[in-house]
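Heads up, the thing below is written out as structure tokens.
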Amino acid sequence: MNNIDIHTLKEWLKKEQLFLLDVREQWEFDNCNIKGSINIPLHALQSNIDAISKNNKIVLICHHGARSFTAGLMLQQTGIDSELYNLEGGIDAWAEHIDNTIPRY
């Protein structure tokens, strides 16, 4: 699994098809999210493996980056061999530096 910073993600979103997987709880996702992301909370990840696209780069998102890192390890253990990227700083960094219309919490 690799890390990706928010600025690189912003550039990738302009030119690549990505699978943005947000592993925060539903209430967190409802409060704020990156447009186009799919919410599968970390605790439900194992039972929803089939919902994850294996054809695109997978960018894992959480509040600050810890849960998404854990999600990446879980996906690797299930044999998902897509390119996995953990968003450094999570949605909080995205909201602070890229899209300040997203509420922070």
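Position 1 is the first residue of the sequence, and the numbers go up from there.
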Requested in this report: Calculate, to the nearest 0.5 Å, the distance between atoms CG and NE2 belonging to Asp92 and His63 respectively.
Outcome: 4.5 Å
Query - Within-4.5 Å side-chain heavy-atom neighbours: Ile58 and Glu83 - result: no
Query - Ile52 side chain reached by Ile38 side chain, heavy atoms, under 4.5 Å - result: no
**Report entry** CD on Glu88 to CG on Asp5, rounded to 0.5 Å
**Finding:** 6.0 Å
Query raised in the report: With side chains defined as the heavy atoms from C-beta onward, is the minimum distance between Leu18 and Leu13 less than 4.5 Å?
Result: yes
Report task. State, to 0.1 Å, how close Gly90 and Ile6 come at their nearest heavy-atom pair, and which atoms those are. Result -> O-CG2, 4.4 Å
Query - Side-chain donor-acceptor pair present, Asp30, Gln26, cut-off under 3.5 Å - result: yes
Query raised in the report: What heavy-atom pair brings Gly72 and Leu60 nearest, and what distance separates the two atoms?
Result: CA-CD1, 3.4 Å
Query raised in the report: Taking all atoms of both residues into account, what is the closest heavy-atom pair of Gly65 and Asn86, and its distance?
Result: O-ND2, 3.2 Å
Query - Check: Glu16 and Asn56 side chains under 4.5 Å, non-hydrogen atoms - result: no
Report task. Side-chain contact test, heavy atoms from C-beta onward, threshold under 4.5 Å: evaluate it for Thr78 versus Gln46 and give yes or no. Result -> yes
Query raised in the report: So, do Leu20 and Ile61 sit near enough that their side-chain heavy atoms are less than 4.5 Å apart?
Result: yes
Query raised in the report: Are the side chains of Ile34 and Asp99 in touch, meaning some heavy atoms are under 4.5 Å apart?
Result: no
Query raised in the report: Can you tell me how far the OG atom of Ser37 sits from the CG atom of Leu21, to the nearest 0.5 Å?
Result: 9.0 Å
Query - Nearest atoms (heavy-atom pairs only) where Ala95 meets Ile102 - result: CB-O, 3.7 Å
Query raised in the report: More than 12 non-hydrogen atoms from neighbouring residues, nucleotides or ligands closer than 6.0 Å to NZ on Lys54, yes or no?
Result: yes
Query raised in the report: Should Ile91 and Phe69 be regarded as members of a common hydrophobic cluster, given that ILVMFWY residues are connected when their side-chain heavy atoms come within less than 4.5 Å of each other, either directly or indirectly?
Result: no
Query raised in the report: Should we count CZ of Phe19 as having more than 12 external heavy atoms under 6.0 Å?
Result: yes
Query raised in the report: Do you know which two heavy atoms are closest between Leu87 and Val59, and how far apart they sit?
Result: CB-CG1, 4.3 Å
Query - Note, Lys57 side chain near Tyr85 side chain (heavy atom, < 4.5 Å) - result: yes
Report summary line: One should read off an interatomic distance between Asn31 CG and Arg104 CZ, to the nearest 0.5 angstrom, of 12.0 Å
Query - Common cluster, Leu84/Trp12, ILVMFWY with side-chain heavy-atom separation under 4.5 Å - result: no
Query raised in the report: What's the shortest heavy-atom distance between Tyr105 and Arg24, and which atoms?
Result: OH-NH1, 3.0 Å
Query raised in the report: Does Arg67 pair with Glu25 as a salt bridge, N-O distance under 4.0 Å?
Result: no
Query raised in the report: Does the side chain of Asn55 pick up a donor-acceptor pair with the side chain of Ser53 at under 3.5 Å?
Result: no
